[in-house]
Amino acid sequence: MTYHPKSDFMNVMISRGFLADCTDYQGLDEALNAGIVPTYIGYDATARSLHVGHLLNIMMLRWLQKTGHKPITLMGGGTTKVGDPSFRADERPLLTPDQIDSNIAGMQQVFDKYLAYGDGPTDAIMLNNAEWLDDLNYLDFLRDIGRHFSVNRMLSFESVKSRLDREQSLSFLEFNYMILQAYDFMELNRRYGCRLQMGGSDQWGNIVNGIDLTRRVIDGEVFGLTSPLLTTSDGKKMGKSQGGAMWLNADMLSPYEFWQFWRNTTDADTGRFLKLYTELPLEECERLGTLAGSEINEAKIILAGEVTTLLHGADAARAAEATAREVFEKGGVGDDLPTVEMSADDLGDGISIVQLIVKSGLAKSGKEAKRLIAENGARLDDAPLTDSGLMINAADLTSPIKLSAGKKRHALVRLAD
């Protein structure tokens with residue numbers, strides 16, 4: 001990247017590592033320098049919470065607002081009924097309208113933490129594309145919009161091509177998705193003056209379609225910008241862990257587990273993640289990222305604290321760090337650990353340690369829990385757990401017990417009041 005941006009936003013995108021590609025670097029930079037640029041990212045309501053994989057683009061919207069522009073969070077109440085086929089091997093399960101509305105309500109909780117919503121010129125707004133997609137007349141849509149799309153070109157986009165190359169079925173329903181997303185951009189431009197769509201680099205084809213449609217139908221000058229698809233230094237998709245998706249809603253993943261996810265960042269990723277996921281000055285991110293030995297662990301604690309503060313608040317971040325220090329440095333039981341409460345009725349005549357490990361989320365199945373024990377990876381109150389047939393009853397829970405999987409994953413089991 002030899003282009004030197006004039007606008008604050010493009011400068012942040014390039015210097016902190018957010019930028020993968022842009023449809024017109026100079027044109028967008030000039031537009032950003034000339035005035036407020038309303039910008040959207042779309043989020044389909046496929047789950048009740050966003051996850052860490054969404055956090056990169058949420059930070060892009062946050063920086064956009066901090067540099068004087070207007071974020072639009074577009075909820076896919078309409079497009080979720082179709083499902084984005086981009087780079088997927090199979091069709092998404094179709095959700096009911098009630099499920100979609102419930103998911104949108106859950107996702108809104110996260111956006112409120114990162115963006116300031118309101119009626120001011122740079123205040124964020126949240127929209128739902130069901131507003132214009134639900135009432136489309138099919139024949140009118142085919143005639144007015146469909147004629148602008150070349151099937152040959154749509155088939156050439158990598159997201160579609162990769163599916164067809166593997167000879168995996170792509171339904172006509174899914175094939176319509178990119179047309180609907182393109183229509184979203186045009187409608188947002190027409191209704192709200194939106195001039196920029198951002199997304200992950202897997203959305204490049206969909207974004208380009210929206211730019212072409214907007215130019216053809218209403219002659220609007222609009223832009224597209226994508227972020228890199230992040231993988232960790234060991235090649236894993238960002239946001240995945242042994243326990244599954246790293247959710248952003250506190251009722252689906254505790255602030256402590258969220259903090260711990262970031263604390264477990266590999267040395268090689270620490271500097272890069274500080275630039276992307278915190279607002280620390282660039283020089284400080286670079287300094288922390290170059291630390292070595294035990295010092296890099298303090299950089300990871302700073303990373304975990306900063307990211308958790310943005311999402312869950314400073315108190316939750318401090319409590320998570322205090323619990324971690326108690327658990328790791330002193331071998332104690334921290335107050336903030338994920339906790340499973342068992343009633344006397346749940347316990348009955350006793351519950352196997354294998355079932356408790358699964359219930360606490362430290363293993364996905366009994367088979368995995370038994371393997372963990374057999375491979376000396378499980379601990380009970382910091383002592384090696386070797387007996388997979390061990391039974392726990394109410395008398396064993398007069399005080400909470402701590403279960404551990406490896407050195408970094410812990411949970412408490414206590415008797416319910």
Side-chain angles (χ1 to χ4, degrees), residues 7 9-10 13 19-44 57 60-61 64 69-79 82 84-86 121 124-160 175-227:
S7 66
F9 179 67
M10 286 294 272
M13 289 299 98
L19 188 61
D21 215 338
C22 181
T23 54
D24 178 359
Y25 291 100
Q26 193 164 344
L28 174 57
D29 192 33
E30 287 169 1
L32 288 159
N33 222 25
I36 295 169
V37 174
T39 299
Y40 98 95
I41 297 179
Y43 299 87
D44 279 343
N57 286 341
M60 289 166 73
L61 287 176
L64 180 96
H69 302 282
K70 188 179 188 71
I72 300 171
T73 45
L74 181 67
M75 310 312 288
T79 40
V82 175
D84 185 359
S86 297
I125 54 173
M126 182 169 286
L127 303 170
N128 187 333
N129 62 15
E131 183 186 329
W132 50 84
L133 294 181
D134 276 5
D135 297 325
L136 285 176
N137 177 296
Y138 187 59
L139 289 177
D140 288 346
F141 185 73
L142 283 180
R143 188 188 62 212
D144 298 339
I145 304 301
R147 66 192 177 89
H148 294 291
F149 288 84
S150 156
V151 170
N152 308 52
R153 185 152 185 257
M154 289 163 77
L155 288 171
S156 74
F157 285 120
E158 190 58 37
S159 58
V160 174
F175 196 55
N176 274 268
Y177 185 92
M178 64 175 77
I179 301 178
L180 294 177
Q181 186 172 325
Y183 186 75
D184 280 347
F185 199 177
M186 186 185 78
E187 279 298 302
L188 287 170
N189 180 259
R190 185 167 16 208
R191 295 173 183 227
Y192 300 95
C194 179
R195 298 189 63 197
L196 172 62
Q197 181 184 172
M198 301 193 296
S201 55
D202 60 333
Q203 294 298 313
W204 180 254
N206 291 338
I207 291 172
V208 168
N209 271 330
I211 290 170
D212 288 349
L213 182 67
T214 305
R215 285 175 179 164
R216 289 181 181 194
V217 177
I218 56 177
D219 197 25
E221 187 188 26
V222 290
F223 307 95
L225 184 152
T226 59
S227 60

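Treat the numbers as computed from the prediction; the structure is a model and nothing was measured. Numbering starts at 1 and runs along the sequence shown.
- Considering only residues two or more places apart in sequence or on other chains, Arg215 meets the salt bridge (charged side-chain N to carboxylate O under 4.0 Å, His left out) condition with none of them.
- With Thr73 as the fixed residue, the side-chain contact (heavy atoms from CB on, under 4.5 Å) test singles out one of Leu61, Asn57, Leu127: Leu61.
- Atom CD1 of Ile179 sits about 13.5 Å away from atom OG1 of Thr79, to the nearest 0.5 Å.
- Distance check: Met178 CE to Leu180 CG gives 11.0 Å after rounding to the nearest 0.5 Å.
- The backbone N or O of Val37 lies less than 3.5 Å from a partner atom in the side chain of His69, making a donor-acceptor pair.
- The closest side-chain donor-acceptor pair between Ser7 and Asp29 falls under 3.5 angstrom.
- Minimum heavy-atom separation, Leu74 to Asp184: CD2-OD2, 3.7 Å.
- With sequence neighbours left out, Phe9 forms a ring-ring contact (aromatic ring centres under 6.0 Å, His included) with no residue at all.
- Taking the six-membered ring for Trp and the full ring otherwise, Tyr40 and Tyr192 have centroids separated by 6.0 Å or more.
- For Ile72 against Pro38, the heavy-atom pair with the smallest separation is CD1-CB, 4.3 Å.
- Looking at Arg190, its side chain never comes within 3.5 Å of a backbone N or O of Ile218 through a donor-acceptor pair.
- Nearest heavy-atom pair across Arg195 and Ala31 is NH1-CB, 3.8 Å.
- Not one N or O on the side chain of Thr226 forms a donor-acceptor pair closer than 3.5 Å with the backbone of Trp204.
- In summary, of the residues considered (Trp132, Phe149, Tyr183), a ring pair (Phe, Tyr, Trp, His ring centres under 6.0 Å) with Phe141 occurs for Tyr183 alone.
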TODO: Go through the steps to decide whether Ile145 and Met186 satisfy the test side chain to side chain contact (heavy atoms under 4.5 Å, CB included), and finish with yes or no.
DONE: CA-CA 10 Å; Ile145 304 301; Met186 186 185 78; 3.9 Å; yes
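- Under the rule for a side-chain contact (heavy atoms from CB on, under 4.5 Å), the partners of Arg153 that lie at least two apart in sequence or sit in another chain are Ser150, Ser156, Phe157, Val208, Asn209, Asp212.
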Open item on the list: Quick one, Gln181 with Gln203, criterion side-chain hydrogen bond (donor to acceptor under 3.5 Å, both in side chains). Give me CA distance, side-chain angles, the key distance, then yes/no.
Closed with: CA-CA 10 Å; Gln181 186 172 325; Gln203 294 298 313; 3.3 Å; yes
Task: From CA spacing to verdict: side chain to side chain contact (heavy atoms under 4.5 Å, CB included), Asp24, Gln26 - done: CA-CA 6 Å; Asp24 178 359; Gln26 193 164 344; 4.2 Å; yes
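- Here the shortest heavy-atom pairing between Met10 and Cys22 reads CE-SG, 4.5 Å.
- Atom-to-atom distance recorded for Thr39:OG1 and Leu64:CG is 4.5 Å, nearest 0.5 angstrom.
- Under 3.5 Å, the side chains of Ser201 and Asp21 contain no donor-acceptor pair of N or O atoms.
- Separating the CG atom in Leu133 from the CD atom in Glu187 is a distance of 8.5 Å, to the nearest 0.5 Å.
- A pairwise comparison of heavy atoms in Tyr177 and Asn206 identifies CE2-ND2, 4.1 Å as the closest pair.
- Heavy-atom minimum distance, Met60 versus Leu225: CE-CD2, 3.5 Å.
- If you take CZ on Phe223 and OH on Tyr25, they are separated by 13.5 Å, rounding to the nearest 0.5 Å.
- The distance from atom CG of Asp144 to atom CG of Leu139, rounded to the nearest 0.5 Å, is 10.5 Å.
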